[in-house]
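Comments concern the structure below.
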2 protein chains.
Amino acid sequence: MPTLAGFAATAALIADPARSAMLHALLGGEALTAGELARIAGVAPPTASAHLAQLVAGGLVVVHQQGRHRYHRLASEEVAAALESLGCLAALSDAAAVSRPRRPWPHGEAFRTARLCYDHLAGRIGVGLHARITGAGWLAPAPGGWRLTEAGTERLAALGLDLDAARQARRFACDCMDWSERRPHLAGGLGRELAQALLRRGWLRRAAPQCGGEGDPFARRRLTPTPEGARALRESFGLDLAA
Amino acid sequence: MPTLAGFAATAALIADPARSAMLHALLGGEALTAGELARIAGVAPPTASAHLAQLVAGGLVVVHQQGRHRYHRLASEEVAAALESLGCLAALSDAAAVSRPRRPWPHGEAFRTARLCYDHLAGRIGVGLHARITGAGWLAPAPGGWRLTEAGTERLAALGLDLDAARQARRFACDCMDWSERRPHLAGGLGRELAQALLRRGWLRRAAPQCGGEGDPFARRRLTPTPEGARALRESFGLDLAA
DNA sequence: CCATCGCTTCGGTGGCGCGCGAAACAGCGC
DNA sequence: GCGCTGTTTCGCGCGCCACCGAAGCGATGG
């Protein structure tokens with residue numbers, strides 16, 4: 001019964017530090033095994049197993065057995081969206097607590113520049129692209145999200161996006177509130193294909209997991225623009241990453 | 001420091017049933033006293049006081065002392081948006097758990113028809129108006145949300161919205177994911193003025209708190225369309241509430 | 001000035017749930 | 001077959017947190 005109980009129960013799933021770290025790592029979009037998640041969360045395998053069972057029962061995570069490994073993924077885009085909006089809220093209240101808005105973030109500005117939110121782009125580049133793409137009339141509002149215009153079809157196909165694959169998704173294009181920028185970025189099938197295209201083109205690259213190593217849930221989500229990508233983003237979209 | 005800790009800490013604030021009930025009641029948009037919230041949550045005054053102190057410290061709630069009463073409100077629109085998206089997620093996982101999507105909701109279809117989400121409209125009427133208003137070209141996408149078009153300025157002013165007041169808000173118009181409908185409704189200053197206008201016109205009315213009484217956090221949010229309002233919504237927006 | 005009311009602080013109690021180690025189980029390779 | 005690895009189940013300890021009653025504090029009203 002979707003009532004107050006379910007409301008609080010779902011929040012309780014996210015509230016535990018170990019589960020929170022797991023969910024955060026899964027926001028990178030990859031499917032991770034129970035053992036990897038245990039190391040990331042810093043708990044023993046039995047503990048991680050119990051946590052994962054709860055996340056699966058709660059519908060936040062789906063599991064896919066392959067041999068003796070069990071791969072865990074976020075259950076849906078809605079989960080990613082809720083986690084981001086919750087993080088946005090946490091960022092707000094943290095800023096209020098120190099009464100100094102937008103103080104530099106210990107985890108590195110790089111994370112704010114570009115990262116994966118489940119399967120689509122987030123961070124400055126994510127919200128910047130969202131603003132340019134919608135502002136340029138490539139997308140038009142549609143019930144429940146966005147639809148492609150003629151101009152958008154042409155330009156995005158030229159960028160190398162697989163628009164047919166995007167249309168296969170349950171939701172074609174919609175907004176997802178960005179945690180660090182507090183403005184929307186593009187989610188849905190189109191958001192996924194946009195991220196894929198930029199990675200394929202070599203404009204963005206998954207960051208090397210050097211800082212913090214495997215135990216760092218942030219590392220799995222961080223993206224860095226290549227020099228070539230930074231130039232292309234500036235020329236094609238007017239995005240100045242230094243700003 | 002907005003990091004994993006803040007992430008989980010904010011979720012933990014929402015996770016407790018008593019705090020969850022309080023937050024839910026505050027989604028009605030009214031400022032409530034500590035005593036009222038204690039009764040709503042079904043706990044003793046000292047317990048409620050401790051909970052409220054945590055919510056205030058966490059930045060989810062702001063308090064305003066007036067005489068011997070302490071009035072509590074949600075801290076911001078972002079809090080409301082995060083609560084709705086979390087509720088959306090809970091509704092999804094509940095539906096998955098019973099493996100029967102969209103089963104009738106024990107708390108009454110009325111809550112799905114129309115309710116307040118903080119200060120703006122939610123439910124079928126909320127998402128319906130969002131779709132019609134954006135689909136009709138009254139709003140156009142803008143960085144971070146929506147801007148008024150000429151047509152929209154004319155038509156919404158004719159509806160009795162105070163557009164100047166809407167522009168005073170920190171955010172003029174943006175989307176907020178609807179818990180029950182899982183599609184966006186209109187938030188921001190314009191969303192608030194839209195709700196105010198429909199209430200002023202008598203198209204919607206705050207539901208009488210009969211069912212459940214004061215202890216029912218849902219009662220404070222429920223709205224019902226008047227017969228006149230249902231007719232007007234059908235004629236002006238093509239919204240058929242029976243569907 | 002005292003009674004009342006709303007709210008908070010303080011101390012003590014209880015229970016939920018996170019944590020681990022040990023052991024059982026399943027897949028895989030030799 | 002046997003050992004190795006990844007994962008789950010079981011049992012138990014411990015810590016945190018929600019909860020209440022009683023008392024303290026500030027504001028209101030007669």
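All values derive from a computational prediction rather than experimental measurement. In what follows, chains are A, B, ... by sequence order, proteins preceding strands, each numbered from 1.
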Contact pattern, 5' to 3', of nucleotides 4-16 of chain D - B, S or - by protein heavy atom under 4.0 Å: BBSSBB-------
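- At least one donor-acceptor pair under 3.5 Å links the side chain of Arg221(A) to the backbone N or O of Leu116(A).
- In this structure, of dG19(C), dC18(C), dA18(D), it is dG19(C) that holds the atom nearest to the side chain of Val43(A).
- Between Asp16(A) atom CG and dC16(C) atom P there is a gap of 17 Å when expressed in whole angstrom units.
- For the 3.5 Å distance criterion, the side chains of Ser180(A) and Arg115(A) qualify, holding a donor opposite an acceptor.
- One N or O on the side chain of Thr226(B) and one on the backbone of Gly202(B) form a donor-acceptor pair closer than 3.5 Å.
- Judged purely by distance below 3.5 Å, without hydrogens or angles, the side chains of His51(A) and Arg19(A) pair a donor atom with an acceptor atom.
- A donor-acceptor pair is defined here as one N or O able to donate and one able to accept, closer than 3.5 Å; such a pair exists between the side chain of Arg200(A) and the backbone of Gly160(A).
- In this structure, the CE atom of Met22(B) is 11 Å from the P atom of dC7(C), given to the nearest Å.
- Heavy atoms of Gln65(A) sit nowhere under 4.0 angstrom from any nucleic acid atom.
- Taking the six-membered ring where the residue is Trp, the centroids of His24(A) and Trp179(A) are separated by under 6.0 Å.
- No engagement by Gln66(B) is indicated, since no non-hydrogen atom pair under 4.0 Å with the nucleic acid exists.
- Distances from the side chain of Ala44(B) to the nucleotides dC19(D), dG19(C), dC20(D) place dC20(D) closest.
- OP1 or OP2 of dC17(D) has not a single side-chain nitrogen or oxygen of His51(B) nearer than 4.0 Å.
- The side chain of Gln54(B) contributes no N or O atom lying less than 4.0 Å from OP1 or OP2 of dC17(D).
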